[in-house]
Each structure stands twice: as C-alpha cells, then as structure tokens.
Amino acid sequence: MNIILFDNKNRNDLLPLVYTRPVCELRVGILTIREKWEKYLGDSPSYKTEEYLQTKFPLVSADDTVWIDASVLPNIEIVQAVKTLAQNQSIVDENNQLLACRGDIHDSENCERISIHTDRIRFPEDIFSKNGVELEKDFDLLTTGRKSKEISGSNRIIGNGRIFLEETASVEGAILNATSGSIYVGHHAEIMEGSIVRGGLALCEHAALKLGSKIYGPTTVGPHSKVGGEVINSVILGYSNKGHDGFLGNSVLGEWCNIGADSNNSNLKNNYAEVKLWDYTTERFRNTKLQFCGLIMADHSKCGINTMFNTGTVVGVSANIFGSGFPRNFVPSFAWGGSAGFSTYQLNKAFETADLVMKRRGIELDETEKNILKHVFEMSEKFRFWEK
C-alpha cells in the first residue's frame, strides 16, 4: 500500500513549528505522527507538503495510493478503516473534513464517504495538551508483548508498573512514579542520579535527564535532547537542550534549540486569564482557551542565561534571545536581541551557528537544510517589524 501523509489547508495554524517540517513530523506522545502511522500500518509513508520542503521530505506517487491527513492522530478505529478502504472511498470526520481517501485526492468529494471521529493536531498548544493521551497510546503500541529491561535496585519505584526501559537505557538513583502516567526510556537514553520523575514521561533514544532533574508529566524529551531543572507537561521534538536549572512548563521546543541556564517561562498569567498565542494565519493573537500555556519555540532558536519568557510566548525559527527583562511575546524568525529591541540575525551568521551545533551531533548542515532556512528567512521577513 502506497501511503501519503498530506498537509491540509490548516497547516499554517501550526507555524512556526512547521516552517521546517511537514505536519506529520511533529512529535506528540513518544512518536512523531508519521512514526505512529508507520507502526500501525507497517508501511513507510511519504509526504505531500510545501514545495520548499519536498526535497528533504519526498513524495512517492503510485497509481493506488491512500492519502491520510498528516494532522490526524491514529487510533484503532481509523487505522482499521484505512486498512479496509476500497478504491474511491474516503473517510471524513464529524465536520465532513477529509481524513483519508483511496484514489485521486483531488476527486475525494465524489468518493463514497465513511464518517469517523478521531483526534488531530490543529494548533501548537495541542501538542502538549494532547501529549498525555498520545503517550499512553504510544506506550502500548511500543511495549505490548515485550519485556522491559530490569530496573536497577538503586531506584525508588512508585506506581503500577507501567515503566519500560529499552535494553540499552540507563536509569540509576532516580525516583520513578508511574501512578499518573507511564514512563518510557528509549534506547541509549539515560536518567541520571537524583532525578525525580512523575509520569507520564517519554525519554526518547539518546536523550538524557541530567542530575537532579524534576519532571512532571505528561512530558516528552525527544531524541538526542538533554534536560535539567524543572519541566512540566512539555514536548521537546528532538536535538534540543534545556540542560540546566530553570522552569519549562506547558511548552513545545523544536529541534536544535538551546535554553540557557536558569531561564524560565511563565505558564500562568497573574490574573489567571486564558492565554493568547500569536497566530500566523490571522496575524493576530488567538485565545487558546487554556489557563496554562507557556513557550512555543521553533527550530534553531536559542536563549541566553536567565532569560524570562512571558506566558504564551511564540518564538520563530533561528531566533537568538538574550538580556534582562521580558522579551515581547511574539519573537519573529531570525530575530537577534531581547526586551531592549531586536535586529536581524543575518542568514550567513545563522548558517554558521547551525553548522556548528549540528556537527556536534554528527549531522551536516547541507544545501537542502540551508535552502529550507533561506526560504523561512524570506517568508518571515514581514514579521520583522524593525526592518520596515
């Protein structure tokens, strides 16, 4: 079966996180959306996304193709429906929005329709809001019928046993409490001594919780990421560090981000009002209807030590934030500065930093990556108000 995960018309609602990736490469729970579908269906999907991303995320076409909305979070019901789709059949949700079809996606309105309720990622805050449910689903998907590595006696275990360590994982001298959510520790991942974890937690491959970390679930630490300090209900997509003391709550960090020592974000307004986030589609602030909402930071962005982020701050791609005081709660891509003002982080300088950061993980900033960042630089120019 040829499977294509397509970005729908609401894709821009997920900016800035999808500036640098298709929607299905967002991580929620343990796995990315693409990895979930791959596990459920047993086939590797390809992508239908923005043209500037297609070189890195190619499209594989075939006469017989099943198209799946890349924002849909799979469950048993929709997976079974997808597996049994006949030619010229489609699956829609309760609002008649297309979820999947087999055949010509451009003719899906004329297909026989099956209606199913499912969940999807619509806005950035959905990633941490839905993380708990997805973490439990992914835990079952990855561990059912398998046996965890034995947990060292140096640890204190509290809870119902929904703790799974892959064979190459390392956990010593930690407190692991699984009463409120499952704890998954991936290949070559490490929880260092003195860490306190209240699940759910997904610690993905080659990720680490540093000495004395305090983690409240549901939290996901993506591959090759390092985390210290206090974290609650946050998702780090991968290859990013929050390696020191400081607070991160109800937040999403992209890849190749770095949070400086003793940096903090607010996740609750002083007046307990619902939090608004910058919305790239309307170019206005949108009410999330959430009381707790922290920091949304896209790929390659960094902040210096002791940075303070206000409730509901959105940071674009490759921004560099530093200095005292609270920066504004919308920081455009390729911004350089802080509360005292911003200038433009020029593309050649951004390339130099990204190249150094990625080389530390054995990954090259190749021409494909540079072209993506160049395109984002150009797309995001209108938000850099100081250039006007």
Can [X] and [Y] be counted as having a side-chain donor-acceptor contact under 3.5 angstrom?
| X | Y | value |
| --- | --- | --- |
| Asn310 | Asn329 | no |
| Ser343 | Trp386 | no |
| Thr281 | Asn12 | no |

More than 12 non-hydrogen atoms from neighbouring residues, nucleotides or ligands closer than 6.0 Å to OH on Tyr216, yes or no? no
Has Ile305 got more than 12 heavy atoms of other residues, nucleotides or ligands less than 6.0 Å from its CD1? no
Is any side-chain heavy atom of [X] less than 4.5 Å from a side-chain heavy atom of [Y]?
| X | Y | result |
| --- | --- | --- |
| Tyr52 | Tyr19 | yes |
| Leu41 | Ile68 | yes |
| Arg102 | Asp64 | yes |
| Trp37 | Ile78 | yes |
| Asp262 | His244 | no |
| Glu125 | Val275 | no |

What's the verdict on ring-ring contact (aromatic ring centres under 6.0 Å, His included) for Phe334 and Phe342, showing C-alpha distance, side-chain angles and the deciding distance? CA-CA 10 Å; Phe334 297 91; Phe342 289 99; over 10 Å; no
Full working for ring-ring contact (aromatic ring centres under 6.0 Å, His included) between Phe330 and Phe285: CA-CA 9 Å; Phe330 168 52; Phe285 285 91; 7.2 Å; no
Can [X] and [Y] be counted as an ion pair, charged N to O under 4.0 angstrom?
| X | Y | result |
| --- | --- | --- |
| Arg384 | Glu381 | no |
| Glu378 | Lys374 | yes |
| Glu166 | Arg146 | yes |
| Asp43 | Lys83 | no |
| Glu255 | Arg361 | no |
| Arg286 | Asp13 | no |

Between Asn131 and Gly29, which heavy-atom pair has the shortest distance, and what is it? OD1-N, 2.5 Å
Distance from Phe57 atom CZ to Asp7 atom CG, nearest 0.5 Å? 10.0 Å
CG/Leu209 to CD/Glu193 distance, rounded to the nearest 0.5 angstrom? 12.0 Å
